[in-house]
Protein chains: 2
Amino acid sequence: MTDAEPRWLSDEDQHVWRQIIAVINMLPARLERELQRTHGLSLHDYQILVQISEHPRQEVRLSDLAEATQQSKSRLSHQMTRMENAGLVARRNCPTDRRGAYAVLTEEGWDALRAAAPTHVESVREHLMDVMTPAQKQVVGEAFGAVAAKLRPAARATVCPSTEEC
Amino acid sequence: MTDAEPRWLSDEDQHVWRQIIAVINMLPARLERELQRTHGLSLHDYQILVQISEHPRQEVRLSDLAEATQQSKSRLSHQMTRMENAGLVARRNCPTDRRGAYAVLTEEGWDALRAAAPTHVESVREHLMDVMTPAQKQVVGEAFGAVAAKLRPAARATVCPSTEEC
DNA sequence: AAAGGGTCATTCAAGTTTCAACTAACTCCG
DNA sequence: CGGAGTTAGTTGAAACTTGAATGACCCTTT
């Protein structure tokens with residue numbers, strides 16, 4: 001911002017902020033393009049495969065999956081349908097709660113994940129991890145850890161500001 | 001990742017990576033919600049208003065604007081139409097190149113920007129800048145500066161790898 | 001001055017995401 | 001039991017994004 005509008009952040013802060021925006025804008029797009037090109041998967045697809053694979057019995061309740069991947073249930077539902085059509089995942093109904101469903105990986109889904117993972121990791125290294133020094137990574141990890149913690153839903157606490165009578 | 005798939009990143013790197021993803025996933029969403037709630041603007045709207053306001057004569061060629069805001073011309077074109085309908089911006093045709101067009105702010109656009117800026121800056125402070133120590137900000141700025149630089153289109157250099165005869 | 005090859009911006013069609021219902025099933029409590 | 005209130009997940013339409021195709025124009029070359 002120049003002087004055309006209210007003062008903002010200090011010059012230093014502003015510089016930092018711009019770098020962060022730039023990375024936020026470009027990094028996911030780049031990772032997505034590479035994943036798409038090499039394995040025909042979107043970043044969303046990939047994240048879902050990873051999440052399912054990481055769960056104890058390789059099955060996840062859809063709600064949990066939605067929360068873990070930070071998206072609405074609706075969006076996940078559409079996405080699951082697409083991935084189901086692509087043969088990557090399947091839905092299984094939950095024996096203990098008949099409303100519920102599990103997302104599971106198909107053989108093909110496992111194969112896709114195993115194939116894509118090394119490439120994706122390579123991208124992450126190339127564009128991010130290998131660009132930072134170990135010392136920088138350490139600090140970034142701490143700083144972003146704090147930022148992420150503050151952004152998270154925050155169980156209780158902030159829900160009732162002190163002015164409310166709850 | 002557990003042991004179910006190929007080794008990844010070191011534990012430390014992985015931790016850092018997760019924090020970064022978390023921020024990338026949550027921060028823009030949060031800023032958007034707050035901007036939307038307080039001033040009815042999307043983050044895209046806001047970034048466009050800012051970009052136009054920052055240019056010398058408060059008019060920007062659409063191509064430049066597309067590049068500056070990291071989006072396709074197509075997307076920008078649609079977005080401009082929406083913002084034009086909302087009364088925030090206008091298109092003016094370029095006198096020297098009859099293919100081209102400038103994006104300019106309307107009075108209403110200026111008002112919206114002036115009104116939204118302080119709130120938005122406050123959000124950025126609250127969720128990001130004030131959560132990091134000055135030392136952390138410094139390091140993050142440097143590290144992300146390097147990452148962003150490497151992600152950028154890279155004028156020339158990488159276009160002709162040394163093996164080519166150009 | 002006409003041809004060829006570029007660029008600027010919009011449009012189209014296809015895909016994705018959002019939003020607001022909606023159904024079905026579960027829980028709780030009188 | 002039985003009905004109010006919740007929760008899980010789906011649906012369909014509208015809004016948005018994307019990439020390719022298009023149209024209009026500019027620039028160099030011959």
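Because the structure is predicted, anything quoted here is derived from the model rather than measured. In what follows, chains carry the letters A, B, and so on, assigned in the order in which the sequence lines appear, proteins first and then strands, with residues in each chain numbered from 1.
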Polar contact flag, side-chain donor to acceptor under 3.5 angstrom, B/Thr69-B/Gln71: yes
Do A/Tyr102 and A/Arg91 touch side chain to side chain, with heavy atoms closer than 4.5 Å? no
Heavy atoms under 4.0 Å is the rule here; annotate nucleotides 22-28 of chain C 5' to 3' with B where the base is hit, S where only the sugar-phosphate is, and - elsewhere. --BBS--
Pairwise side-chain contact, A/Val89 with A/Leu49, heavy-atom cut-off 4.5 Å (strictly under): yes
Between atom CG in A/Asn85 and atom P in C/dG15, what is the gap in whole Å? 12 Å
In terms of side-chain geometry, is the basic nitrogen of B/Lys137 or A/Glu12 positioned less than 4.0 Å from the acidic oxygen of its partner? no
The nucleotide from C/dC8, D/dG19, D/dG9 with an atom nearest the side chain of B/Ser74 is D/dG19
Please report the distance, rounded to the nearest Å, between NE2 in B/His44 and P in D/dT18. 8 Å
Rounded distance (Å) that lies between atom P of D/dT7 and atom CG of A/Leu62: 17 Å
Starting from C1' on D/dT11, measure out to CZ on A/Arg91 and report it in whole angstrom. 11 Å
When the distance from CD of A/Glu32 to P of D/dT17 is rounded to whole Å, what number comes out? 15 Å
Nucleotide C/dT11, atom P - distance to CZ of B/Arg75 in whole Å: 18 Å
Does A/Pro28 have any side chain to side chain contact (heavy atoms under 4.5 Å, CB included) partners at least two apart in sequence or in another chain, and if so, which? A/Leu43, B/Ile24
What I want to check is whether the side chains of B/Gln19 and B/His15 have a donor and an acceptor closer together than 3.5 Å. yes
Under a 3.5 Å threshold, yes or no: a donor from one side chain and an acceptor from the other, between A/Glu142 and A/Gln138? yes
From the options A/His120, A/His127, A/His39, select the one residue that forms a side chain to side chain donor-acceptor pair (under 3.5 Å) with A/Glu34. A/His127
Roughly how many Å is it from CD in B/Gln71 to C1' in C/dT10, rounded to a whole number? 15 Å
Hey, can you pull the residues of residues 77-84 of chain A with a non-hydrogen atom under 4.0 angstrom from DNA chain D? A/Ser77, A/His78
Send over the distance from B/Lys73 NZ to C/dC12 C1', rounded to a whole Å. 17 Å
